[in-house]
Protein chains: 2
Amino acid sequence: MRAPEQPYHHGDLRAALLERAAERLRLGTVADLSLRALARDLGVSHAAPSRHFPDRQAFLSALARSGWERLDAALAAADPGADAGLRPRLLALGRAYVRFATAEPALLELMFAGKAAGESHDGPGLSGPDSLVEDAQARGEARAGDPGELATALWAALHGVAALSVSGVLRGADVDALLVQTVDALLDGLRPR
Amino acid sequence: MRAPEQPYHHGDLRAALLERAAERLRLGTVADLSLRALARDLGVSHAAPSRHFPDRQAFLSALARSGWERLDAALAAADPGADAGLRPRLLALGRAYVRFATAEPALLELMFAGKAAGESHDGPGLSGPDSLVEDAQARGEARAGDPGELATALWAALHGVAALSVSGVLRGADVDALLVQTVDALLDGLRPR
DNA sequence: CCAACATTGTTGTCGGCGACTACATTCACT
DNA sequence: AGTGAATGTAGTCGCCGACAACAATGTTGG
């Protein structure tokens, strides 16, 4: 009763392509990713992927979408929650962001290259009902101001740290120290108090 | 005494390729950039570019290097100088950064995708002898701390704003407002004082 | 139950690209 | 003037994405 070695239908080629592509992206760049090579890997013909994605761009968009989901999940998992103070929370989120960027640089690049392709995205875990900023304001840890705008500013700073750490421009400088510096500047300000 | 219509030698094919490629990058992505198409544009044979760049990657690296020079120049031109306060200075630099990113999104992406390919780069105009941070510290506008590390944190934040604005995740939100929020958080801190 | 029909996969082909080789023309220097 | 380096040309190879025609399998309603 074993399944035949080579069933005509793959089962879930679409998911398999996305999964294998994510693996490949961990090693190489998006430019090195070829649908034909993936198809070869999975033992299907070179045209099979076209049954699931109209063209390469659509495939990359789907890949980016799954990347956003994984980043959201990683940040949600790293968030110590509203009970923690703002600083530990920002540091934990920042570290998770950097970890994701380091583990999957090409995927992160693809996610941000998606432009209008990727539907709207609010900045992972930073805004929304359980907003980090609103929590901090409620605890008196953040000054007043539009929570959405403040959250975006925080997101921008964390994203900048992750982007720089991945890009190699830091030349071996301590990424975690950079993150701490950035978070502390955001919380207490550069100006002497 | 006019030059022949089609001289055998181009004159400065290398520079022409880089220049034309930069133009193309203003419209499309780096993936759409082909050496053969550029050669066609410039009226040379498809193999001519290989005389100047051993392979496509080397060409892209050279393009990225010229991008860094232009970004450095743009930031240097936008810097109001040490006489200005820290806030106006950061805002001016941030606006120039965003302007560059908006005008040349694909080039900026290429510059940061260069990874180890691009030689070290200190973060445009933010560090070095005429460091913005050292100036601010001298004026009492910034707390003590390693100027290099603080400058990198500032760079990360500004880069994050530019990256987000280019990526489209902001969905039409006001980029300049985001920049102002970010700079103000960096200067005065999010915590109430 | 089985006959349409939709879904998914295959083979074949096309043009474009990057890389490489062999050859041609021009330049620069002695 | 002569010779070697620099620069450009033509041709080829293999890989890729896109497309078309065809085959196998899954599904559904009469």
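A, B, ... follow the sequence lines: proteins, then strands. Residue 1 opens every chain.
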Notebook entry, point to check: Whole-Å distance between D:dA18 C1' and A:Q57 CD?
Noted result: 14 Å
Margin query: Without decimals, in angstroms, what is the distance between B:R56 CZ and C:dG16 C1'?
Written below: 13 Å
Margin query: Show, in sequence, the C-alpha distance, side-chain angles and deciding distance for B:R143 and A:D188, and conclude whether the salt bridge (Lys or Arg N to Asp or Glu O under 4.0 Å) test is met.
Written below: CA-CA 10 Å; B:R143 67 165 199 258; A:D188 289 324; over 6 Å; no
Notebook entry, point to check: Once you round it to whole Å, what is the distance between P of D:dT25 and CG of A:L13?
Noted result: 16 Å
Next item on the list: Please list, chain by chain and in numerical order, all residues satisfying side chain to side chain contact (heavy atoms under 4.5 Å, CB included) with A:R26, sequence neighbours excluded.
Entry: A:A22, A:E23, A:R70, A:E104
Next item on the list: For A:L35 and D:dC19, give me the distance from atom CG to atom C1', rounded to whole Å.
Entry: 14 Å
Check: With respect to the side chain of A:A37, which nucleotide from D:dA18, C:dG18, D:dC16 is positioned closest?
Finding: D:dC16
Check: Taking OP1 and OP2 of D:dG8, is either one under 4.0 Å from a side-chain nitrogen or oxygen of B:S45?
Finding: no
Next item on the list: Grab the CG-C1' distance between B:L38 and C:dC17 for me, whole Å please.
Entry: 12 Å
Checklist line | With sequence neighbours excluded, residues passing side chain to side chain donor-acceptor pair (under 3.5 Å) with B:Q137 | finding: none
Next item on the list: Tell me which of A:L33 and B:V44 sits closer to the 5' end of DNA chain D, going by the nucleotide each one is nearest to.
Entry: B:V44
Notebook entry, point to check: Taking atom types as they are modelled, is there a donor-acceptor pair under 3.5 Å from the base of D:dG11 to the side chain of B:H46?
Noted result: yes
Check: Rounded to the Å, how far apart are B:R14 CZ and D:dA6 P?
Finding: 15 Å
Notebook entry, point to check: Rounded to the nearest 0.5 Å, how far does CG of B:L33 lie from CG of B:L60?
Noted result: 6.5 Å
Note to self: Quick check on D:dC15: is either OP1 or OP2 less than 4.0 Å from any side-chain nitrogen or oxygen of A:R36?
What the structure shows: no
Check: Taking CG from B:D32 and C1' from C:dG18, how many angstroms apart are they, rounded to a whole number?
Finding: 16 Å
Check: Can you check whether B:L86's main-chain N or O pairs, donor with acceptor, with B:E141's side chain at less than 3.5 Å?
Finding: yes
Note to self: Among residues 19-27 of chain A, which ones have heavy-atom contacts with DNA chain D below 4.0 Å?
What the structure shows: none
Notebook entry, point to check: For A:P80, what residues pass the side chain to side chain contact (heavy atoms under 4.5 Å, CB included) criterion, not counting sequence neighbours?
Noted result: A:A84, A:R89, A:A92
Check: Which residues in residues 47-55 of chain A have at least one heavy atom lying under 4.0 Å from any atom of DNA chain C?
Finding: A:A47, A:A48, A:R51, A:H52
Next item on the list: Would you classify A:R40 as touching base, sugar-phosphate or nothing, given that sugar-phosphate means primed atoms plus P, OP1 and OP2, and contacts are heavy atoms under 4.0 Å?
Entry: sugar-phosphate
Notebook entry, point to check: Measuring from B:L179:CG to B:L158:CG, what's the distance to the nearest 0.5 Å?
Noted result: 6.5 Å
Note to self: Please report the distance, rounded to the nearest Å, between CG in B:L17 and C1' in D:dT7.
What the structure shows: 12 Å
Notebook entry, point to check: Taking only residues at least two apart or on different chains, which pairs with a member in residues 40-53 of chain B satisfy side-chain hydrogen bond (donor to acceptor under 3.5 Å, both in side chains)?
Noted result: B:R24-B:D41
Check: Could you state the interatomic distance from CZ (A:R95) to CG (A:L75), rounded to the nearest 0.5 Å?
Finding: 14.0 Å
